Amino acid sequence: MIISHQQLGTVLGLTLPHELDISTRAAAAAQVERLLLTYRPHVRSVLLTPPATAHTPATLSVLARVRHLCEAHGLLLTVTEPAETAPQPLSVAA
């Protein structure tokens, strides 16, 4: 599987573990569509985490496809930063 996923209540979490290229773009888009149709009765929103590296055109194409699919199915979409790039809390020296 190109995309990892996890259902958390009414949220479907999708993660792109690595950048996509032209040969994996169509498969990733089809996988997202299957996941949304599979979980649709129970899911109200999608939480998408893209890879940490600079995004390729193929990855951006899949992100646009996810947005379009969420709109078409009436689902909320949130795109988050990968854990590797998210700001870390400051530590306070005592």
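All residue numbers refer to positions in the sequence shown, counting from 1. Not measured: the values here are computed from a predicted model.
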Trainee: So V32 and I3, do their side chains get closer than 4.5 Å, heavy atoms only?
Mentor: yes
Trainee: Do L12 and L36 touch side chain to side chain, with heavy atoms closer than 4.5 Å?
Mentor: yes
Trainee: Under 3.5 Å, side-chain donor or acceptor atoms of residues 60-67 against the rest of the protein: list the pairs with distances, not counting sequence neighbours.
Mentor:
unit_1, atom_1, unit_2, atom_2, d
R65, NH2, E33, OE1, 3.3
R67, NH2, E71, OE2, 3.1

Trainee: Is there a side-chain contact between T10 and V43 in this structure, where contact means two heavy atoms from C-beta onward sitting under 4.5 Å apart?
Mentor: no
Trainee: Side chain to side chain contact (heavy atoms under 4.5 Å, CB included) between L16 and T49: does it pass, once the steps are laid out?
Mentor: CA-CA 6 Å; L16 293 169; T49 305; over 6 Å; no
Trainee: Would a hydrophobic clustering, with Ile, Leu, Val, Met, Phe, Trp and Tyr connected at side-chain separations under 4.5 Å, put L69 with I2?
Mentor: yes
Trainee: In this structure, are over 12 heavy atoms from other groups packed under 6.0 Å from H68 atom NE2?
Mentor: no
Trainee: Verify, without hydrogens or angle tests, whether S45 (side chain) and V11 (backbone) share a donor-acceptor contact under 3.5 angstrom.
Mentor: no
Trainee: Taking T59 for the side chain and L20 for the main chain, is one N or O donor matched with an acceptor at less than 3.5 Å?
Mentor: yes
Trainee: Determine, stepwise, if the pair H42 / Q7 fulfils side-chain hydrogen bond (donor to acceptor under 3.5 Å, both in side chains).
Mentor: CA-CA 9 Å; H42 308 290; Q7 183 183 2; 5.5 Å; no
Trainee: Show the numbers, then the answer: is there a side chain to side chain contact (heavy atoms under 4.5 Å, CB included) between L14 and L35?
Mentor: CA-CA 9 Å; L14 302 175; L35 288 168; 3.8 Å; yes
Trainee: Before giving the answer on side chain to side chain contact (heavy atoms under 4.5 Å, CB included), spell out for L48 and T80 the whole-Å C-alpha distance, their side-chain angles and the decisive distance to 0.1 Å.
Mentor: CA-CA 6 Å; L48 178 65; T80 64; over 6 Å; no
Trainee: Sequence neighbours left out, what passes side-chain hydrogen bond (donor to acceptor under 3.5 Å, both in side chains) with H18? Give chain and number order.
Mentor: none
Trainee: Without placing hydrogens or testing angles, list every side-chain donor-acceptor pair under 3.5 Å for residues 21-29, not counting sequence neighbours.
Mentor:
unit_1, atom_1, unit_2, atom_2, d
D21, OD1, S23, N, 3.1
D21, OD1, S23, OG, 2.7
D21, OD1, T24, N, 3.1
D21, OD1, T24, OG1, 3.1
T24, OG1, D21, N, 3.0
T24, OG1, D21, O, 3.2

Trainee: Determine whether L8 and Q6 make a side-chain contact, defined as any pair of heavy atoms from C-beta on separated by less than 4.5 Å.
Mentor: yes
Trainee: How far does SG of C70 sit from CG of L75, to the nearest 0.5 angstrom?
Mentor: 5.0 Å
